[in-house]
Amino acid sequence: MKKRFISLLMSMLMLAAALTGCAGGGESSGGSENTVTLRNTAALTTSDPNQTTNTHEYTVFENIYEGLYDLNEATGGYDLRLAEKVEANEDVTEYIVTLRKDVKFHNGETMTADDVVFSYEMAQNSPKQASFVRPLDHVEKVDDYTVKIVLNQPFSPIGHMLFKVKILSQKEVTEQGDDFGKIANKAGTGPYMWDEENYNPLTSWSAVAFEDYYRGKAKIDRIVWNVIEDDTSAITALQNGEIDYMIVPISYWEDIKSSDKFTCVEKESNEVMTFCINIESKNYGSVLQNDLVREAIMYAIDRDAVNQLVCDGYGTPTYMYINPNYAAAAPTADSLENPIPFDLEKSKALLAEAGYPDGVDVGEFLAAAGRNESYAIAIQAQLEAAGIRSTLVVQDYSVAGDRLVAQEYDLAMAYDCGNYDFNNFEQQCASASVGIKNCVFDGPAGKFNELSDQFDAWLQEGASTADEEERIAIYTELYNAFYDTHTLTPVIVIPSCIAYNKDLDAVAVPTDYRVYDWSWKA
Amino acid sequence: MHRYIIKRLLFLIPTVLGVTLIIFIVMNVTPGNPGRMILGPNATAAEVEAMNEELGYNDPILVRWFNYLKDIVTKGSFGQSYSTKRDVLEELWPRFLVTLRLAILVLTLSVCIGVPLGILSAVKQNSLMDTIPTMIAFFLAAVPSFVVGIVLMYIFALKLGWFHSYGLKSVSDYVLPVVSATICELSAYLRFTKSSMLEAIRQDYVRTARAKGVAERTVIWKHALKNALLPVVTSIGMRFGCLLAGMVTTEQLFSIPGVGSLIVESISMKDEPMIIGCAVMVSICFTLLMIGVDLIYAFIDPRIRAKYSKGG
Amino acid sequence: MAKNSTRPVVATLDGEDINFKRPSQTKEILRRLRKNKGAMIGLFLLICIVLVVIFADFIAPYEAGVVQVAENKLAPMSPEHPLGCDSYGRDVLSRLVHGARNSLLVAVAASISSCLFGCTLGAIAGYFGGKIDMLIMRALDIFMSIPDLLFTMVVVAALSSSIPVLIIAMTLAYFTNYVRLVRSGVLNLVDQEYVEAARAGGSSSARIIISHIIPNTLGIILVNVTLNVSSLVIYQSTLSFIGLSLPAPAPEWGSMLSSARVDMMRAPLLVVFPALAIVLTAFSVNLLGDGLRDAMDPRLKN
């Protein structure tokens, strides 16, 4: 009897398993020829462009939502998108924006000035957008297709804000109410719209070409994004032809290139890995405020070795915080007057001169898990070789980022991206800067107080100057002074290796691709 | 019997209380704060502080715990995820079903293979039928499950291209994750069944039965197996409970949105409501499973049933 | 449970004239262990591993495992680097043998400390019974229902990863078994005559627990401690996989394995070596532990 019971139990279990197993199947991804399938590295947390700071979400949103400007990563600079014309007043405190009249939202509504005013208010109310809309005071409607953007200070590099703030349909957002962001919506104006039939933010979602798109319907009918977190798993999918376009992690790059199945593009990205020293450190501040120690640290960093070890040599050693290839008004690479090269002996000598002939402990070397970690491992060992001893502390991005903002670190690895105007550098050096600021110059230690005021003055001057040449001159001066504090130093421009289907006419860009510009070869 | 079940079910209340309190205490020591988590790196310190205040994060831990419990009782809500702003249960439930589906498949497969092999190797102790499966089990028990997963993915997804390397879109997608998790589960069942069976075979009454001239087959199947399976049932219940939160590596490797990967993500983002939600969900399941195991026990073993009805 | 409760009862039979039988019993166990081929293989492998741990510095210098040499990135096997180099140009052999120290230290320490912690709780619960017992066991039920991995991760996230933190976190994940084991053992023994005699003779509770009750469950505890070392080695590698490893550059098998994964396509051996080390260790510990269990089982005497 008992045996029968067990076998009954077994067969029930098996039945249940079979049933649940089948329930999971059934849905197959649209295999039509005019689809591109892309990898996304993590689940979508929202569909609201104002509620994210995650790169993997921006990448998706750039195809669905648009701002007044668009960023052209392929050629650099900004293009007019929803705006037809943007004019500044004399002291660059007000901008008059003429809107396109032929723009429709995905829900069929026509875009008017009201939507723009509404969208800017939304962005202003979202702390996640705070750093982008910082110079914005308010936006007012002039007529149905004209708005006036009023700033709280003279500000010429406004392109990034016009790009970052996405214009959403007031009607759609209001109708969805609390659900906005949690479900698919029709609030965008972009060439693709969310496919409400297939919106599974955890695993896979798609977007279909918007019929009424004002620049003409996209050539590719449908984009499917699949969440593949694991790199090995993603590479396997790419190799099997399940993914059409992908940014390839460097360690797989040789393998992908040699497989000869893909169009492979290597690009310099605009992501710069930087190394930070905290002069306000609670425990090691006194050591790190010593100019000689910081200089010794600078001499101990071997950018070429980091490039070899972490980037397989595909990266670009750099001293520039913002890659001039991508950013407007950025000082060029040769404009830095005193770049410190790698020199181990010099480093040791400086350390001895500073009073630490047997090396020095400088506390914790903080890095976020993942990519930053791999650079930190390399640099930590290089410092160690020069006698500058630190303990590597690897934490999740959320915690490590938080500690950076709160200045609770001694040494740290950080990276910055998405800087398309050198004015963005204010985030690192303005005393009033919002968001991640790695090094504080007007802190209690008071070491760089005067310089900090000088930074603010330069930034002010740069932002109120419209002429690019003049701005470059100002920023060059600013950047030289900043670099010479030897607190935050750029190390390497992260390479961007992209592989895509040979039949696909894609435009490879380092981060946010625009599928609108792609097509399948006939 | 009913009273016994009700008593056990009532124990769910202190379980939820205890689990939430423990996680609350540990999370309280964790660096970082929810305000920064919700608002992102671009927010100012003041905004972050205001958000923390609004969430009641600055209250003493016991107050926070009490408020959390109050929300569960009055609103039936486990709070909102910090990262997606969705309701915790809403977010958790589909993921839980995914894991449940996987866990049932893994369990079924490993029980179906592991238990018979275990019985076989106990019955044929010291023969090849014993040493070969036992050695293989020993070996498999020593391999971390993600290593098995990577190897399987390498061979069957990359080199042979038979299966997808991610997701659970079609039935065939279940093969690699389930097999890789099963391979590691399997050996536990084999070893457990074997030792339990050996124990049963050595019992006095089995010897007596043998001595009385009962056919060997009857001895094994009728007398020994019955008793041997009792502890196996407990172990199945336990391991199933562990599987629900324990397939983290499999889920991560194959990008499966289950509870395990949710736990890892939530912890890395310090999404406290979600972490507690996961812990509560899994611990309730675990407790229910244990009750179920006890009931099956009672069903199989009349002695225990008698005890329950008398004592309960 | 059934399994656990039978054993100590049998053990008591020998326990009554402890002084006379103990040496011969140990001898007997050793004799049986020697006859178990599997256990002997396990023991041999383990001795080799322990020798490697002790003489790590003679096999390969620690320095070679932490100093990065850009030119040696993913270098193949060569006389200078018998197992090649990893993606930071560090000598794999050196990392492997020095990693053994960290990996085994954490596993062995966690196994022993979880045993001590669990046994203490279990002995208290079983010996005092009543309210204390109920309290401990209910708390344990609640604790056990929290998924191990979740709890470990939360603890490591709270205290940040280091050797002591890993040991604490793993102890908390592994101690529960011992509580039940020792408690049921104690419950079976508390009423035994010799314990009562000891109590009547004025021995303190702690003394009775330590001198009479613990030794009688020692066998099965020892087996558990051994077997747990193997699952802890694996558990540790799982933790590394989800990102909770010892901070770099400290070599450790789990993190070697998970960090080598990205280079799997071009340098598969980087994955193979640490995996092999983990498997070999866990395998030999399992063999020995299982042999030990068989050898301690009195019913296998004939």
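All chains are named by letter (A, B, ...) in the order of the sequence lines, taking the proteins before the strands, and each is independently numbered beginning at 1. These numbers come from a predicted model, not from an experiment.
There is no contact between A:Thr391 and chain C, counting heavy-atom distances below 4.5 Å. Of the atoms belonging to C:Val67, not a single heavy atom falls under 4.5 Å from chain A. No part of A:Gln382 comes within reach of chain C, as not one of its non-hydrogen atoms sits under 4.5 angstrom from that chain. Using a 4.5 Å cut-off between heavy atoms, A:Ala369 makes no contact with chain C at all. If you measure heavy-atom distances from A:Asp304 to chain C, you find no contacts under 4.5 Å at all.
Looking at every heavy atom in both residues, A:Ile377 comes nearest to C:Arg90 through CG2-NH1, 3.9 Å. When every heavy atom of A:Gln395 is checked against every heavy atom of C:Ser160, the shortest pair comes out as NE2-CB, 4.0 Å. Taking each heavy atom of C:Val69 and A:Leu309 in turn, the nearest pair found is O-CD2, 4.2 Å. Taking all atoms of both residues into account, the shortest heavy-atom contact from A:Val310 to C:Tyr88 is CG2-CE2, 4.2 Å.
Between C:Arg261 and A:Asp231, none of the side-chain N atoms (NZ, or NE/NH1/NH2) sits under 4.0 Å from a carboxylate O, so this pair counts as no salt bridge.
Ranked by heavy-atom pairs shorter than 4.5 Å toward chain C, the options A:Asp312, A:Ile250, A:Val394, A:Asn307 are led by A:Asp312. For the set A:Ala381, A:Pro249, A:Ala378, A:Gly370, the count of heavy-atom pairs under 4.5 angstrom toward chain C peaks at A:Ala378.
Taking the side chain as every heavy atom from C-beta outward, A:Thr232 and C:Met265 approach each other to under 4.5 Å. Side-chain contact check for A:Asp302 versus C:Gln68: every heavy-atom pair is 4.5 Å or farther apart.
Taking CG from A:Leu392 and CG from C:Leu246, the interatomic distance works out to 12.0 Å, rounded to the nearest 0.5 Å. Here the straight-line distance linking atom CE of C:Met264 with atom OH of A:Tyr252 works out to 6.0 Å at 0.5 Å rounding.
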